[in-house]
Amino acid sequence: MWIITALSREPGRAFLNSAKSAAVYFVGLHIRGLWLNSWMASERVSSARSNTFSRPPLVETWAPISMSDDSERDEKVRVRFAPSPTGLLHIGGARTALYNWLQARHDGGAMILRIEDTDRERSTPDNVEQILDALRWLELEWDEGPKSQYERGDRHVEVLGSLLASGAAYRDPATSQDVKAWKDRHGADRGYRGEASDDPGAAVRLRVPDDGDTIVQDLIRGEVRFPNAAADDFVIARGDGSVLYNFAVAVDDADMGITDVIRGDDHLSNTPKQLLVMEAMGVEPPRYAHLPLLHGPDGKKLSKRNGAASVQELRERGYLPAAVRNYLALLGWGTGDDTTVMSTEQLIERFDVSDVGRSSAIFDEQKLRWLNGRFMREMALDEYTAVVARHLGREPDERLRAACSIVQDKAQTLNEVWPLVAFLFEEPVTDEKAWRKVMKDGAFPLLEEAHAALSGVDPFEPGQIERALASVLAERDVKPGKLYQPIRVAITGGTVSPGIFESLAALGREAALRRMRRALDRDRKARRNG
RNA sequence: GGCCCCGUGGUGUAACGGUUAGCACGCGAGGUUUUCAACCUCGUAGCGCGGGUUCGACUCCCGCCGGGGCUACCA
C-alpha cells in the first residue's frame, strides 16, 4: 500500500531515488519491533522524511503506519528563507531564497521569511531592510513574515526550560577554554562531555549521545552520518540565558511547521546539532536539502572584488530580475534536457530541489549577460519601455518608447540602453576619434547630398529614408558604409548606434538635418582655417 | 588537527556499466550586414591521479591529490 501511495504521488526520479530506502523500510516494517529497537540503539536515528514516505521516526515509541500518517504526508510544503541580516543580500543567499521560493511555488506551499537576528549587533533595521529590498526586487514574495527570531525569545526560554527539566540539557560551568583543555586531554576527535551543575549562571549544553550516528537524510547529498561520539555537548544557551543559533533554529523550524529546510552547504555540519535539539524536543524534523555553495570566477569566495557580490549590485548593473532568476536557477540545477532559457512559470513547473547537483558552482557573469539579452529582446515593447523608464528614472513617454524600439535588439543589459539612444534626448558630444576616422574628405559631398535627399522625405520614416539614401548611393556608386557612417557620426556623435534609418526616423527630420548641417559647417570652417 | 561535503572542457551542465562523452555560455573562423550587437554555420576545449571490480568504466569500490564547509557562551 505504501509503495502504491508513493508511486501515485511522486512518480519519477524522486521515487527512484528513494527506492532503495523503501526496500530497507519494508524489511524494517516486517521485523518491526526487533529491528527498530536495534536501529534506535545503534544509530540514534534522526532524519528527514524523504519525498515519498516517512523515515524511521525520532521518538522512542514506534507509531504504526496509519491513515493519519498518510494525511500528514499530504500536508502543505512549508519552506523558509532565514537570512541573518549582515548587510546586502549576497548572490548565494539570493539563490537559496530562489530555490526555497521555487520549491514552495512548485508544491503550492508557503515560504516563510525569518530573520535570524539574535545577534543584536549585526541586526540593524537597515540591514534587515536591505534583505527585504533585494527579495522584492527579485520578486520572490514570501507568504509569512518577516518573523524575528529575536522576538521569539520567550518561546526559546520555554523550550530551554523543558529540556533542562527533562535532563536533555544541563548547566555546565566550563568555559570554552576549559573545553579546549578537555580536548587536549582526550583528543580532538572526541566530543566534549561536561558535568551538570546547579550554577544558574552557567551555560546550558545539550546532552549528545555517546554512541551511534546522527543521520541527515539530505535530499541532495543522500545519507550523511555524523558520529555522536565525536560531537560535543554543545552550548545552546549562554550563561546569561540568551540562546544560540543552533538551538533557536531548531525550535523555530519545528514551531513554524517547516517541512523542508533548503539552505547552503555551510549548514550541513550544523544539521546534526539541530536534529539533536529536535529529538530532545520530541518533534519530527523537516526534510533537509543542502545546496552547494557558490564561488567567484577564480574559484574563491564570491565577493565585490570577485564578480558581482550582491543582488543590489546586479540591479545596478542593469540585469532583469527574471533573467537573474533563470540564471541563478541554472547554477547547480539543470532541467535534465537541454533547456536553458526559461520563464519563471517554467522554472516553477520544472524545479525540484532534489534535482540540484552536489558540486559547487562558479558565478559567471558572461552567461548572465547573454541570458539577460535574451530576456531583453523577448519583452513586449510596452513592458520594455516601462522597465527601461524605471531604470533610467524617466517617464515612459512616446519618445522613450521610440528609443526603446530601435535599441531593443541590441542591448544586453539595461545599462547599455542609454548610451545607444542618448543622442535622441540631448545634443551629442562628437567623439573626435570617430570624426577623424569617418569624416574623410569624400564624406562631405555625400553628406551634402544626403541632406538634400532627406529634406524631401515625407513621411520621415525608416522605409522612406532608406529609399532616399539608396538613390544617393546609386547616383554616386559608393558602398553603403561610405554614406551611412558619416551620417551616423553627424547625428549621434559616434560610430556605434542603432540602425541608421531607424535612428534618423526616431530623431526626426528637423533635428537630423540640423545635425548634418552642423557637421558640414564644421568641415567648411576647418577648410577655411586650414 | 578533528568532523563533513565536493571533483566531466575556461564556465554552467547531460550521461546513471557499453554514446564518436551531448547541450549552453565563452572563445576562434566564416556567413549575413549601414556601425555595434543580434542572428546563422563550422570549429576549439573535458571525465583530477592511481589502483581495483567487470567482457566493458565518467559511471561501482579503495587510496591519493585538489577545492570547500564546519570546528564559538557568531549566525
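Scope of the values below: all heavy atoms of this structure, side chains included, with no hydrogens, waters or symmetry mates. Per chain, numbering begins at 1; letters A, B, ... match sequence-line order.
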Under 4.0 angstrom between [X] side-chain N/O and [N] OP1 or OP2:
{"X": "A:T118", "N": "B:rA75", "value": "yes"}
{"X": "A:R377", "N": "B:rC39", "value": "yes"}
{"X": "A:R488", "N": "B:rC36", "value": "no"}

Paired with [N] by Watson-Crick or G-U wobble geometry, both distances under 3.5 Å: which nucleotide is it?
{"N": "B:rC65", "answer": "B:rG7"}
{"N": "B:rC16", "answer": "none"}
{"N": "B:rA29", "answer": "B:rU41"}
{"N": "B:rA75", "answer": "none"}
{"N": "B:rC60", "answer": "B:rG52"}

NA contact type, [X], heavy-atom cut-off 4.0 Å: base, sugar-phosphate, or nothing?
{"X": "A:F501", "value": "base"}
{"X": "A:A174", "value": "base"}
{"X": "A:S84", "value": "sugar-phosphate"}
{"X": "A:Y245", "value": "base"}
{"X": "A:P83", "value": "nothing"}

Separation between the [atom1] atoms of [N] and [M], rounded to whole Å:
{"N": "B:rU8", "M": "B:rC58", "atom1": "P", "result": "15 Å"}
{"N": "B:rG43", "M": "B:rG9", "atom1": "C1'", "result": "14 Å"}
{"N": "B:rC61", "M": "B:rG67", "atom1": "P", "result": "24 Å"}
{"N": "B:rG63", "M": "B:rA14", "atom1": "C1'", "result": "29 Å"}
{"N": "B:rG28", "M": "B:rA38", "atom1": "P", "result": "12 Å"}
{"N": "B:rG18", "M": "B:rG1", "atom1": "C1'", "result": "45 Å"}
{"N": "B:rG31", "M": "B:rG48", "atom1": "C1'", "result": "40 Å"}
{"N": "B:rA57", "M": "B:rA15", "atom1": "C1'", "result": "13 Å"}

Shortest side-chain distance from [X], nucleotide among [options]:
{"X": "A:K410", "options": "B:rC73, B:rA38, B:rC36", "value": "B:rC36"}
{"X": "A:V224", "options": "B:rC4, B:rU71, B:rA75", "value": "B:rC4"}
{"X": "A:D364", "options": "B:rC73, B:rG10, B:rG69", "value": "B:rG10"}
{"X": "A:S359", "options": "B:rA75, B:rU13, B:rG12", "value": "B:rU13"}
{"X": "A:D119", "options": "B:rC74, B:rC3, B:rU8", "value": "B:rC74"}
{"X": "A:L293", "options": "B:rG12, B:rC4, B:rG68", "value": "B:rG68"}
{"X": "A:K367", "options": "B:rC4, B:rC25, B:rU34", "value": "B:rC25"}
{"X": "A:W370", "options": "B:rC6, B:rA24, B:rU35", "value": "B:rA24"}
{"X": "A:R221", "options": "B:rU34, B:rC74, B:rC5", "value": "B:rC5"}
{"X": "A:D266", "options": "B:rC73, B:rC25, B:rC70", "value": "B:rC70"}

Residue met sooner reading RNA chain B from 5', once A:I500 and A:K273 are mapped to nucleotides:
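The residue whose closest nucleotide sits nearer the 5' end is A:I500.
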Quick one: A:M342 CE to B:rA24 P, roughly how many Å, whole number?
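In whole Å, B:rA24 P and A:M342 CE are 14 Å from each other.
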Atom CG of A:D117 and atom P of B:rC74: how far apart are they, to the nearest Å?
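Atom CG in A:D117 sits about 15 Å away from atom P in B:rC74.
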Under 3.5 Å side-chain donor-acceptor pair for [X] and [Y]:
{"X": "A:Q149", "Y": "A:R152", "answer": "no"}
{"X": "A:D126", "Y": "A:T124", "answer": "no"}
{"X": "A:S242", "Y": "A:D240", "answer": "yes"}

Salt-bridge test for [X] and [Y]: reply yes if a basic N is under 4.0 Å from a carboxylate O, no otherwise.
{"X": "A:D172", "Y": "A:R207", "result": "no"}
{"X": "A:D260", "Y": "A:R287", "result": "yes"}
{"X": "A:K367", "Y": "A:E365", "result": "no"}
{"X": "A:R193", "Y": "A:D210", "result": "yes"}

Check the pair A:T413 / A:N372 against side-chain hydrogen bond (donor to acceptor under 3.5 Å, both in side chains), numbers first and verdict last.
CA-CA 6 Å; A:T413 70; A:N372 201 70; 5.5 Å; no
